[in-house]
Amino acid sequence: MDKSFNMIIPEQFEYALNFSEGLAGVSFEDETSWGYIDIEGKLVIDDKFYSVNYFNEGLAPVKSKDTLLWGYIDKNGEFAINPVYIGAELFSEGLGGVGIDKGRYGFVDKDGNFVIEPIYEQVSCFREGLAAVKIDANKGKKYKKTKYKWGYINKSG
């Protein structure tokens, strides 16, 4: 809306994300058909994805309708990293957090190569050189008090 409360982009979306790097994820019909619009409201990446997230560092994590797996697209809507992951975080500081199966998350570079091996239960984006990661705190322990613990890693893992 502008200052006079006029809609800048008409209400037409079932769901919508905020803009990031000039694009916003939108869904016209339901939660399982997402694409991206530009700041003029023009659909610039077709609504062909099951789920989407924000663009960061030129890439956005998206869930493929075909495989129901996550990969990363560029601003042309083309896969820069193929959808082969069960989960994907935003790229941040040159790395994207991805999961290869339950309890096995790590970080890939923009070519899809693992830089930090998938040994974590869950990961977050890197910020200020660190990323929060969740580990199984009971591996190798006889008495199990709490199952998981969070800590921080640097880009060396």
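Quick note: residue numbers are just sequence positions, from 1.
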So, [X] side chain and [Y] main chain: donor-acceptor pair closer than 3.5 Å or not?
X	Y	answer
Ser20	Phe55	yes
Lys155	Leu95	no
Ser92	Arg127	no
Asp111	Asn113	no
Thr32	Tyr50	no
Lys110	Leu59	no
Asn82	Val84	no
Gln122	Tyr105	no
Gln12	Phe28	no
Glu21	Gly58	yes

| In this structure, are over 12 heavy atoms from other groups packed under 6.0 Å from Tyr152 atom OH? |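 Atom OH in Tyr152 is not packed in, count stays at 12 or less.
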Note to self: So for atom CD1, which belongs to Ile39, do other residues, nucleotides or ligands contribute more than 12 heavy atoms lying within a distance under 6.0 Å?
What the structure shows: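 For Ile39, atom CD1 is not crowded (no more than 12 foreign heavy atoms under 6.0 Å).
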With side-chain contact (heavy atoms from CB on, under 4.5 Å) as the criterion, how do Tyr54 and Leu90 come out once you've worked through the C-alpha distance, each side chain's angles and the decisive distance to 0.1 Å? CA-CA 7 Å; Tyr54 302 100; Leu90 298 179; 4.0 Å; yes
Test Tyr15 against Val26 for side-chain contact (heavy atoms from CB on, under 4.5 Å), laying out the working first.
CA-CA 6 Å; Tyr15 299 95; Val26 296; over 6 Å; no
Is it true that [X] and [Y] fall in one hydrophobic cluster, defined by side-chain heavy atoms closer than 4.5 Å?
X	Y	answer
Ile73	Leu17	yes
Leu23	Phe13	no
Ile119	Val108	no
Phe126	Val133	yes
Tyr85	Phe91	yes

For the student: nearest non-hydrogen atoms of [X] and [Y], plus distance:
X	Y	value
Tyr72	Gly97	OH-O, 3.4 Å
Gly129	Glu93	N-OE1, 3.0 Å
Lys65	Ser33	NZ-OG, 3.3 Å
Tyr36	Ala60	OH-CB, 3.4 Å

For the atom pair [atom1] ([X]) and [atom2] ([Y]), what is the distance rounded to the nearest 0.5 Å?
X	Y	atom1	atom2	value
Ile45	Glu78	CD1	CD	9.0 Å
Ile37	Leu43	CD1	CG	8.0 Å
Glu89	Trp70	CD	CH2	9.0 Å
Tyr148	Ile135	OH	CD1	11.0 Å

(message) Can a side-chain donor-acceptor contact be found between Lys134 and Ser124 if the only test is distance below 3.5 angstrom?
(response)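 The answer is no; no qualifying pair exists.
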For a side-chain contact (heavy atoms from CB on, under 4.5 Å) check, start with the C-alpha distance between Asn53 and Val62, then their side-chain angles and the critical distance, and finish with the verdict. CA-CA 6 Å; Asn53 207 330; Val62 297; over 6 Å; no
task = Using a 4.5 Å cut-off on heavy atoms from C-beta on, say whether the side chain of Leu69 contacts that of Ile86.
result =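 Counting from C-beta outward, Ile86 and Leu69 do come under 4.5 Å.
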| field | Verdict with reasoning, Asp136 to Lys147, per side-chain contact (heavy atoms from CB on, under 4.5 Å) | value | CA-CA 6 Å; Asp136 184 345; Lys147 181 126 175 100; 3.8 Å; yes
